[in-house]
K.L.:
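Following this message is one structure expressed as structure tokens.
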Number of protein chains: 2
Amino acid sequence: MRTQRVVLGAIEQDLKSAALPPLGWYDVLLELSRAADERLRPYEIEERTLLAQHNLSRLLDRMERMNLVRREAFDGDGRGRWVVLTEAGRSMQTRMWAVYAASIQAHLGAHLTDSDAEGLSALLAKLMR
Amino acid sequence: MRTQRVVLGAIEQDLKSAALPPLGWYDVLLELSRAADERLRPYEIEERTLLAQHNLSRLLDRMERMNLVRREAFDGDGRGRWVVLTEAGRSMQTRMWAVYAASIQAHLGAHLTDSDAEGLSALLAKLMR
DNA sequence: CCGTTGTAGATGCATTTGCATGTATCATGC
DNA sequence: GCATGATACATGCAAATGCATCTACAACGG
């Protein structure tokens, strides 16, 4: 828990120093960029990012206000919505990745060998079951 | 990050189900219970728990409102305060530990062998440097 | 002494989160 | 086809967090 807080704090700080939004935004942008047609239903983003439904709903509000995503109607289920990545969203994802990747390298990669990283990943995976 | 969120979420949920306060409260209570005279200066709690100064200040407000801690004047530096564990605080720490310990066992211990745990701990320690 | 700078802790204000509930739509069983 | 319960997403309100700043006191240099 302590390590996570320290590392996450350092990464968030790097993003903030670069005048970029917090990590949660990146997670959403990344999932959208990977999705077919660069669009997902909110509940799909929810599953992939582990964001709580109401938090995601408001995060999307903020992102939509910044024109990073756009909400569209979803045909075939009147309750559903599409969340679509915009051009600005795509470019934000790229800009965030530049900083985020460097930050991962500095705060994680630089401290671990490849086999450390694999070991850590395997141990954490055990906890997810 | 994902693993931490899942595990922390599960632990917080266990505490909430037992009608107990969040984990941050336990951290403070634990540090106080370990301290000489069961008292610490706010900045000492801050260092040990990694809580931000303003967050700790308000957490202490809440805990004081619940009579778990008491703030006292600190002689020798007029700016300083003592945060003192109360009887109710001591008993809350004990009650939380019962639930927390079981939760750690369920969400961490049950998934890891002893050598897994040591390995994980060693890897995380590498990240803290 | 006195002014300046530093440190401990508190607090006002904006933003974010959590929780419960609301609204709309869908699916199912009768 | 219509009540009943489930699902998708939004939202009002309270609580927690982040950020900047404030107050009070200490320390230091002249």
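What you are looking at is a predicted structure, and each value in this text was computed from that prediction instead of being measured. Atoms considered below: every heavy atom in the structure, side chains included; atoms not considered: hydrogens, waters and symmetry mates.
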K.L.:
First and last nucleotide of DNA chain D touching chain B, 5' to 3', heavy-atom cut-off 4.0 Å?
P.N.:
dA16(D) to dA26(D)

K.L.:
At a heavy-atom distance below 4.0 Å, what parts of residues 45-84 of chain B sit against DNA chain D?
P.N.:
His54(B), Asn55(B), Arg58(B), Arg62(B), Asp77(B), Gly78(B), Arg79(B)

K.L.:
Residues in side-chain hydrogen bond (donor to acceptor under 3.5 Å, both in side chains) with Asp27(B), at least two apart?
P.N.:
none

K.L.:
Is any NZ, NE, NH1 or NH2 atom of the basic residue among Arg81(A) and Glu72(A) found under 4.0 Å from an Asp or Glu carboxylate oxygen of the other?
P.N.:
no

K.L.:
So, His111(B) side chain and Met128(A) main chain: donor-acceptor pair closer than 3.5 Å or not?
P.N.:
no

K.L.:
Could you list by number each residue of residues 5-42 of chain A showing a heavy-atom separation from DNA chain C of less than 4.0 Å, or answer none if no residue does?
P.N.:
none

K.L.:
Hey, can you tell me if Trp82(B) and Phe74(B) have their rings parallel, tilted or perpendicular (30° and 60° cut-offs)?
P.N.:
perpendicular

K.L.:
Salt bridge or not for Arg70(A) and Glu64(A), using N-O below 4.0 Å?
P.N.:
no

K.L.:
Look at atom CE of Met66(B) and say whether more than 12 heavy atoms of other residues, nucleotides or ligands are closer to it than 6.0 Å.
P.N.:
no

K.L.:
Using 30° and 60° as the class boundaries, would you call the ring planes of Trp97(B) and Tyr26(B) parallel, tilted or perpendicular?
P.N.:
parallel

K.L.:
Would Arg90(B) and Glu87(B) count as a salt bridge (charged side-chain N to carboxylate O under 4.0 Å, His left out) if you check the C-alpha gap in whole Å, the side-chain angles of each, and the deciding distance to 0.1 Å?
P.N.:
CA-CA 5 Å; Arg90(B) 214 172 298 126; Glu87(B) 179 50 39; 2.4 Å; yes

K.L.:
Of Thr86(A), Asp37(A), Leu40(A), Val84(A), which meets side chain to side chain contact (heavy atoms under 4.5 Å, CB included) against Leu32(A)?
P.N.:
Leu40(A)

K.L.:
What is the first contacted nucleotide of DNA chain C and what is the last, in 5' to 3' order, if contact means an atom lying under 4.0 angstrom from a heavy atom of chain B?
P.N.:
dG6(C) to dC19(C)

K.L.:
Looking at Ile45(B), is its backbone amide N or carbonyl O close enough to the side chain of Thr49(B) to form a donor-acceptor pair, meaning the two atoms are under 3.5 Å apart?
P.N.:
yes

K.L.:
In plain terms, say whether Glu31(B) and Arg34(B) are close enough for a salt bridge, that is, a side-chain N and a carboxylate O under 4.0 Å apart.
P.N.:
yes

K.L.:
Mind jotting down which residue pairs meet the side-chain hydrogen bond (donor to acceptor under 3.5 Å, both in side chains) criterion with at least one end in residues 9-19 of chain A? Sequence neighbours excluded, please.
P.N.:
Gln13(A)-Ser17(A), Asp14(A)-Ser103(A), Asp14(A)-His107(A)

